[in-house]
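Below: the structure, in C-alpha cells.
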Amino acid sequence: MNEAFAPFFERGDGLYTNPICSFFTPYYERPEDMDLVEFLRYFGLGSGGPAEDGPEFEALKAAEGWPFHVDHLDQMPVPIHKYSRADVDAYLEEHAGITTSDLTTIPDSTADLMYLPECDAFYNFTSDASPSLFVCADGRWEGNRLILTGSSAELTLEKTEAGRYLFQSFLPLGR
C-alpha cells in the first residue's frame, strides 16, 4: 500500500512527483470539500505551461491576482504549471468520484492559483517539489470503507463494486 503513496516515482527520463500525493496536501471530510489550491500545489500532472510568449501568457499577465512583474515568459522567476480543467476533472473522477464542478469552493484567481476561462485551465507557480506524504501504519475495514492510519492522519478509501478505491476523507488524527 505505501508504495502506491510514495511521493516520487521514477520513469525512464527522471524522477516525478506522484500525483496521488495531492490527496494528502489538504485535509477534507469529503472529497467535495478539498482545497483546490492545496490539491494542485504539487500536482504531478500538467503540461508545464505556455511554451512561448503569446496570447495565453498575455491573458495570465492581465488576470486578477497575477503576482509577477515580467514582460516575457523567459523572465519568469518560477515555472508556470498549467493544468487543464479536463485533466484535473479526469483525475479527480478516477480517484475520488468527483470533478471540479462538485467542489464546494473554487477560489477566485490569486497568486496561489489562477484560472483562465478562455483556456479552461488552472495555473500555479511552485518552483520546488514537496509533495505530501502519507505512510500507512495500520488499517481496518468498516463495510466497504478502508480506513488507514498514519502517524498524524487518517485516510478513508471507499472500495467500489468495480474494485477501485476512491478517496473519501483525509483528516488529522484526533479530529
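We count residues from 1, following the sequence as given. Since the model is a prediction, treat every value here as computed from it, not as a measurement.
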Worksheet, complete the sentence: Closest heavy-atom pair, L173 versus S151, reported as atoms and distance to 0.1 Å, is CD1-O, 3.5 Å

Worksheet entry | Counterpart residues, side chain to side chain contact (heavy atoms under 4.5 Å, CB included), relative to N124 (two or more places apart) | L40, H81, Y83, L113, T126

Practice prompt. Please work out whether the ring planes of W66 and F125 are parallel, tilted or perpendicular, with thresholds of 30° and 60°.
Written response: perpendicular

Worksheet entry | Backbone N/O of D71 and side chain of K61: donor-acceptor pair under 3.5 Å | yes

Practice prompt. To the nearest 0.5 angstrom, please state how far the CD1 atom of I147 sits from the CD atom of E158.
Written response: 11.0 Å

Item to complete: Carefully, step by step, assess F23 and F134 under the rule ring-ring contact (aromatic ring centres under 6.0 Å, His included).
Response: CA-CA 10 Å; F23 286 101; F134 176 75; over 10 Å; no

Practice prompt. Might you point out which heavy atoms bring T99 and L92 nearest each other, and give the distance in Å?
Written response: C-CD1, 4.2 Å

Worksheet item: Are any side-chain N or O atoms of E58 and backbone N or O atoms of G54, one a donor and one an acceptor, separated by less than 3.5 Å?
Response: no

Discussion item. If we ignore hydrogens and angles and just use 3.5 Å, is the side chain of S22 paired with the main-chain N or O of F39 as donor and acceptor?
Written reply: yes

Worksheet item: Hey, is CG on D74 packed in by over 12 heavy atoms from elsewhere, all under 6.0 Å?
Response: yes

Practice prompt. Mind running side chain to side chain contact (heavy atoms under 4.5 Å, CB included) on N144 and Y165 for me, showing each step along the way?
Written response: CA-CA 10 Å; N144 64 341; Y165 290 86; over 6 Å; no

Worksheet entry | Side-chain heavy-atom pair L155, F5 within 4.5 angstrom cut-off | yes

Worksheet item: Hey, does the side chain of D120 reach the backbone of P117 with a donor-acceptor pair shorter than 3.5 angstrom?
Response: no

Discussion item. Please find the pair of heavy atoms, one from V37 and one from P107, that lie closest to each other, and give the distance.
Written reply: CG2-CG, 3.5 Å

Worksheet item: Do R41 and E38 sit within salt-bridge range, that is, some charged N less than 4.0 Å from a carboxylate O?
Response: yes

Worksheet entry | Steps toward side-chain hydrogen bond (donor to acceptor under 3.5 Å, both in side chains) verdict (D89, T100) | CA-CA 6 Å; D89 283 347; T100 54; 2.6 Å; yes

Worksheet item: Between atom CD1 of I80 and atom CG of L73, what is the distance when rounded to the nearest 0.5 Å?
Response: 5.0 Å

Fill in: Beyond-backbone contact of P172 with Y27, side-chain heavy atoms, under 4.5 angstrom
yes

Worksheet entry | For the student: nearest non-hydrogen atoms of P7 and S132, plus distance | CB-O, 4.4 Å

Item to complete: Taking the side chain as every heavy atom from C-beta outward, state whether Q168 and L146 have any pair of such atoms under 4.5 Å apart.
Response: no

Practice prompt. Nearest 0.5 Å please: distance from the OH atom of Y115 over to the OG1 atom of T110.
Written response: 15.0 Å

Fill in: Same cluster (ILVMFWY, side-chain, under 4.5 Å), L171 and L148
no

Discussion item. Once rounded to the nearest 0.5 Å, what's the spacing between atom CG of L166 and atom CZ of R145?
Written reply: 10.0 Å

Fill in: Atom of M34, atom of P26 and distance for their closest heavy-atom approach
CG-CG, 4.2 Å

Discussion item. For the OH atom of Y42 and the SG atom of C21, what is their distance to the nearest 0.5 Å?
Written reply: 12.5 Å

Discussion item. With a 3.5 Å distance limit and no angle check, can you tell me whether R164 reaches the backbone of K159 through a side-chain donor-acceptor pair?
Written reply: no

Worksheet item: Would a distance-only check, ignoring hydrogens and angles, find a side-chain to backbone donor-acceptor pair under 3.5 Å from N18 to F8?
Response: no

Worksheet, complete the sentence: In terms of heavy-atom contacts, P67 and M114 come closest through CD-SD, 4.5 Å

Discussion item. Does either side chain, that of Y123 or that of E56, offer a donor lying less than 3.5 Å from an acceptor on the other one?
Written reply: yes

Worksheet item: Can you tell me if D33 and T104 form a side-chain donor-acceptor pair at under 3.5 Å?
Response: yes

Worksheet entry | E154 with R140: basic N within carboxylate O range, under 4.0 Å | yes

Fill in: Distance, nearest 0.5 Å, that separates OG of S84 from CZ of F122
9.5 Å

Worksheet item: Can you tell me if CD on E118 sees more than 12 non-hydrogen neighbours from other groups inside 6.0 Å?
Response: yes

Worksheet item: What ring pair (Phe, Tyr, Trp, His ring centres under 6.0 Å) pairs are there with at least one residue in residues 139-158, not counting sequence neighbours?
Response: none

Discussion item. Through direct or indirect side-chain contacts below 4.5 angstrom among Ile, Leu, Val, Met, Phe, Trp and Tyr, which residues connect to V135?
Written reply: L133

Worksheet item: Is it the case that R30 places NZ or CZ above or below the six-membered ring of F167, under 6.0 angstrom from the centre and within 45 degrees of the axis?
Response: no

